Amino acid sequence: MSSTEAFSPDEVMTVTAARQLRDGAVCFVGIGPPSEAANLAHLTHAPNLVLIYESGTIGTSPRVLPLSIGDGELAETAVSVVSVPEIFSYWLQGGRIDVGFLSAAQIDRYANLNSTVIGPYKRPQVRLPGAGGAPEIAAAVGEVLVMIRHHRRAFVERVDFLTSVGFGRNGGGRSGLKGAGPTAVITNLGVLRPDQQTKELMLTSIHPGVAVSKVLEETGWNLKVADELSVTPPPTDLELATLRDLRHRTREAHQSWKPASG
Amino acid sequence: MSSTEAFSPDEVMTVTAARQLRDGAVCFVGIGPPSEAANLAHLTHAPNLVLIYESGTIGTSPRVLPLSIGDGELAETAVSVVSVPEIFSYWLQGGRIDVGFLSAAQIDRYANLNSTVIGPYKRPQVRLPGAGGAPEIAAAVGEVLVMIRHHRRAFVERVDFLTSVGFGRNGGGRSGLKGAGPTAVITNLGVLRPDQQTKELMLTSIHPGVAVSKVLEETGWNLKVADELSVTPPPTDLELATLRDLRHRTREAHQSWKPASG
Amino acid sequence: MAEITTLAEAVAEFIHDGDVIAMEGFTHLIPFAAGHEVIRQGRRDLTLCRLTPDLIYDQLIGAGCVRKLVFSWGGNPGVGSLHRFRDAVENGYPRSLEMEEHSHAGMAARYAAGAAGLPLGVLRAYAGTDLPAQTKSISSITCPFTGEELAAVAALRPDVTVIHAQQADWKGNVAFWGITGVQKEAVLAARHSIVTVEEVVDELVPHGPNHVVLPSFVVSAVAPVPQGCHPSYAMGYSSRENRFYLDWDRISADRGIFEEWLRRFVLETSDHIEYMELLDEATAQVGEARN
Amino acid sequence: MAEITTLAEAVAEFIHDGDVIAMEGFTHLIPFAAGHEVIRQGRRDLTLCRLTPDLIYDQLIGAGCVRKLVFSWGGNPGVGSLHRFRDAVENGYPRSLEMEEHSHAGMAARYAAGAAGLPLGVLRAYAGTDLPAQTKSISSITCPFTGEELAAVAALRPDVTVIHAQQADWKGNVAFWGITGVQKEAVLAARHSIVTVEEVVDELVPHGPNHVVLPSFVVSAVAPVPQGCHPSYAMGYSSRENRFYLDWDRISADRGIFEEWLRRFVLETSDHIEYMELLDEATAQVGEARN
């Protein structure tokens, strides 16, 4: 089960993201791939992972993946449910969160994210949903994990709008912010991490069966590759079985559900 | 039952204070005489009076008078119980309170109140409990009712410490504040109200059987007497019976209880 | 004190052309029936405020009721775009849409400031982002104790806030529980408030997690509207109809299909009961057609 | 994650000489047992924070544990003065007492700012009063939107917050309900927190009005101490012992009587169980003597 044929790119992406979460961490989760990764971690190596959703549900244990950030099961299984103003003030801004997930339509070499517009703000070609909780997650959590599918339209030289800050337009943009910022960008092709000094994202791990040239081709800037490029350890049998079982349960519960990163 | 022998000075004080509360008003209540007056109003002419205690209990209907601001019965009979930060931010500061009660160790001619120290702040002769909720009640409620027993040590030319503002040291101190400030000072001898223009307190009503000279003697400044000085209507049979019944019930429930204004 | 009335009367009395309106509900308890009634009564030039202007605001925007949107995340949760919202922003259809854009934290702080009677909320927000350059209601203050610069957002004080709750009692006290979002703050920040409820009960007793009670004296009108939050849900009363969110992607993607849907389901129904009946019929027909 | 331990161990581990400590509880759920344990362990030079430093702080001040008091109302509720507090302020006995004095609204805003990770709280407060002239942690800001001047208070961030709650579960999640005061904010503002509880239960289920749950990861230590809030009360577990508040007026009014009380009931008891037993005995004797 560890051959490259045995799992899909989105499965390795989810499994790799899940592995970043240490047991006992307090994790601010969004819907879609982050929720899948966090719940996978919770069900495998991190049973004491604390899952917090921005709907105000703290310490949830959903049996199936929620379809929305405010599914009833999140409230029913939570240790505590608080208001939205409180989740952002006392919990996120209050520095109670170890790790947060973000995604976006565009990312640049300093891990700045755009989920607002493609094109100019006043006359966009594409109006995206907007910031949501992202700007303050980016600023306040201990570390940020970014999950984003790898293609040239997403990995751009310059984001059209800076919705949430990675390391700023020139890599020096975190002064005054508490968290460490993005520590890993997990894609369906590999993992990028910021250079310790320059904060520029480098390819540090490549998923099994993916060519470096493919990653470079799908990146819209001149992506640096780490001297010690590793190959992502493939999903274990347990990880794959748990993920697939979770997806199966979710599909049974929500007939309209499709794997968010699939 | 309307002869002056039939009721005590503290009873007429409580009844007179209760009458200031219109039915349906939202009232921020303190322990002691204000609580007695507000509950009397609630049991007589103002069944829709909303009682709020600073412990966070909104819309209470205690069967007996609470001994502390946070008695269990206040929570048990409340429509809603909220935290102390919330009661001060969303409810008091938020402008949701029509009328608040205050008392103090000292009051001056502009209805400024002192409940902090007698003597200099750093080396007081008497250290009093301090501000509590008073400064913001004084500033934020629609109108303030002051209940205070009338004697020369309390009615002073100049308060030793300005704990909560009436009309400021010179009568012009409410700029920027929302509420109307004190509209009545109810004592065991009479009722003082601010002059519309100067904001200086004037004796506007005298309780049955009390001589004006007695009030002037117990006031530490040259108290003005209204041209149309009225005599406080004596407590009705219903008011007296209700008040005494409330006190009786309270005494039965709390054996250690004594009438707070008695 | 809240009056117990009908939704139609409450909208007629409290919501006027040009008003600033907040219809809140975070995934849970979204006041859809009230949104439809605003469309039926033909309100125009509204400024709509909401953290997550999902389907309910897509419908109002598409119906031409909206001049300005104050928001922080405008998508169809778990599905994708809000096509009527995008059509208004990208193409000015059916009319151009002014925008005042924040983050969730900023919007929450704005309502909380409004509820607290303050002109501003102070928070750590927007750092390093392009939002402050676009949004006038974002500024900054300097902490007098530490010298730190912090974000300031202008208080949000809607003319009317509309929410859906599980219960009210006959005095007009309102109770809701589960995911309670920013509804309490949005109601307390507003001059008036309309609450649709699943049912009116004799006595409110604590239910479920995070039970919130709004006393009657902060509520203007209570209107019983069972399922008034469909396709959102009311914990203890209904489940989220995820299928509708998926269907909406198709309905809203095309101007003609949307306008036909709006005419048939909203403009030509008289109230939420008729709307739900028609929706049930249509769903049954689709079900049969699929079989 | 909270460890479930004894009160003595929790105090020994987390509370040190010179620390800034908040013991909160608004009439309800006041952590008396923890206060006694701090006295037993002989802590000195503490800065004590509390909206209402009632009997619990009167005891700590009289015992000589306290260098500074941060507060908003210092009285014996419904009874009168705190004589040990007054003796310290008026006469410097048993030592002089620094003060940082606020209003309730200001103290609440300071904890809330601490909980929210902000350096300041902004509120309408202290207008026209003499408090800002005495208190360095009161300042002002100007609203960038309206130009209004508003009060600013410095965030309060205790080293340790101590509270009493009705229940915890075995994971260390804590639940309390009824009048919940500022305890949530005080815990979230602090670096560490100690929670004494009436009981540890297998599962926390919503109880009574205003049910608050603190998840285990924001609590440092949970110690089961039944009646740990006596003579205050725990809704659902005990009633307020009003008699003790009246008796305290007499006990605390005289230095000698206070010091004898402190020696006998606190310093020479080993824990809260022994303290409560002794108190019950003494009460029975007084009862007999009165008959």
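In what follows, chains are A, B, ... by sequence order, proteins preceding strands, each numbered from 1. These figures come from a predicted structure and were not determined experimentally.
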Enquirer: Below 4.5 Å, heavy-atom pairs only: which of A/K178, A/Q93, A/E76, A/K122 has the largest tally toward chain C?
Expert: A/Q93

Enquirer: What part of A/V82 lies closer than 4.5 angstrom to a heavy atom of chain C: side chain, backbone, both or neither?
Expert: backbone

Enquirer: Could you tell me whether the side chains of C/H230 and C/E241 share a donor-acceptor contact shorter than 3.5 Å?
Expert: yes

Enquirer: Is the shortest distance from a Lys or Arg side-chain nitrogen in A/R249 or A/D245 to a carboxylate oxygen in the other one below 4.0 Å?
Expert: yes

Enquirer: Please look at A/N114 and chain C and tell me whether the side chain, the backbone, both or neither of the residue comes under 4.5 angstrom of a heavy atom of that chain.
Expert: neither

Enquirer: If only side-chain N and O atoms count, and only distance matters, is there a donor-acceptor pair under 3.5 Å linking C/S137 with C/E100?
Expert: yes

Enquirer: Which atoms of C/R240 are under 4.5 Å from chain A, going by heavy atoms: the side chain, the backbone, both sets, or neither?
Expert: side chain

Enquirer: Thinking salt bridges, do C/R50 and C/D54 make one under a 4.0 Å N-O criterion?
Expert: yes

Enquirer: Any ion pair linking C/D130 and A/R169 (charged N to carboxylate O, less than 4.0 Å)?
Expert: yes

Enquirer: Which bit of A/E86 comes within less than 4.5 Å of chain C, counting heavy atoms only: side chain, backbone, both or neither?
Expert: neither

Enquirer: Determine the option with the most heavy-atom pairs under 4.5 angstrom with chain C, choosing from A/T116, A/V117, A/L74, A/V126.
Expert: A/V126

Enquirer: Is C/F71 close to chain A through its backbone or its side chain, or both, or neither, when contacts mean heavy atoms under 4.5 Å?
Expert: side chain

Enquirer: If we count only N and O atoms by modelled type, under 3.5 Å, do the side chains of A/E36 and A/T14 hold a donor and an acceptor together?
Expert: yes

Enquirer: Looking at C/K184, C/H28, C/R86, C/E149, which has the largest count of heavy-atom pairs under 4.5 Å with chain A?
Expert: C/R86

Enquirer: Heavy-atom distance under 4.5 Å to chain C: side chain of A/T163, backbone, both or neither?
Expert: backbone

Enquirer: Assess, by modelled atom type and distance only, whether the side chains of C/Q227 and C/Y233 contain a donor and an acceptor separated by less than 3.5 Å.
Expert: no

Enquirer: If you count heavy-atom pairs under 4.5 Å with chain A, which of C/G178, C/G75, C/A105 comes out on top?
Expert: C/A105

Enquirer: Examine whether an atom of C/L131 lies under 4.5 Å from a heavy atom of chain A, and if so say whether it belongs to the side chain, the backbone or both; otherwise answer neither.
Expert: both

Enquirer: Taking the six-membered ring for Trp and the single ring otherwise, decide whether the centroids of A/Y53 and C/F26 are under 6.0 Å apart.
Expert: no

Enquirer: Can C/S72 and C/H102 be counted as having a side-chain donor-acceptor contact under 3.5 angstrom?
Expert: no

Enquirer: What part of C/A125 gets within 4.5 angstrom of chain A, counting heavy atoms only: side chain, backbone, both, or neither?
Expert: both

Enquirer: Please determine, by modelled atom types, if C/S252 and C/R84 share a side-chain donor-acceptor pair under 3.5 angstrom.
Expert: no

Enquirer: Can you tell me which portion of C/M99 sits under 4.5 Å from chain A's heavy atoms? Options are side chain, backbone, both or neither.
Expert: side chain

Enquirer: Please identify, among A/G176, A/P124, A/G56, the residue contributing the most non-hydrogen atom pairs under 4.5 Å to chain C.
Expert: A/P124

Enquirer: For each of C/T180, C/N91, C/V89, C/V212, tally heavy-atom pairs with chain A at distances under 4.5 Å, and name the one with the top tally.
Expert: C/V89

Enquirer: Can we say C/E90 and A/R123 salt-bridge, meaning some charged N sits less than 4.0 Å from an Asp/Glu carboxylate O?
Expert: no

Enquirer: Tell me, side chain or backbone of C/F85 under 4.5 Å from chain A's heavy atoms, or both, or neither?
Expert: side chain

Enquirer: Please flag which part of A/Y121 lies under 4.5 Å from any non-hydrogen atom of chain C: side chain, backbone, both or neither.
Expert: side chain

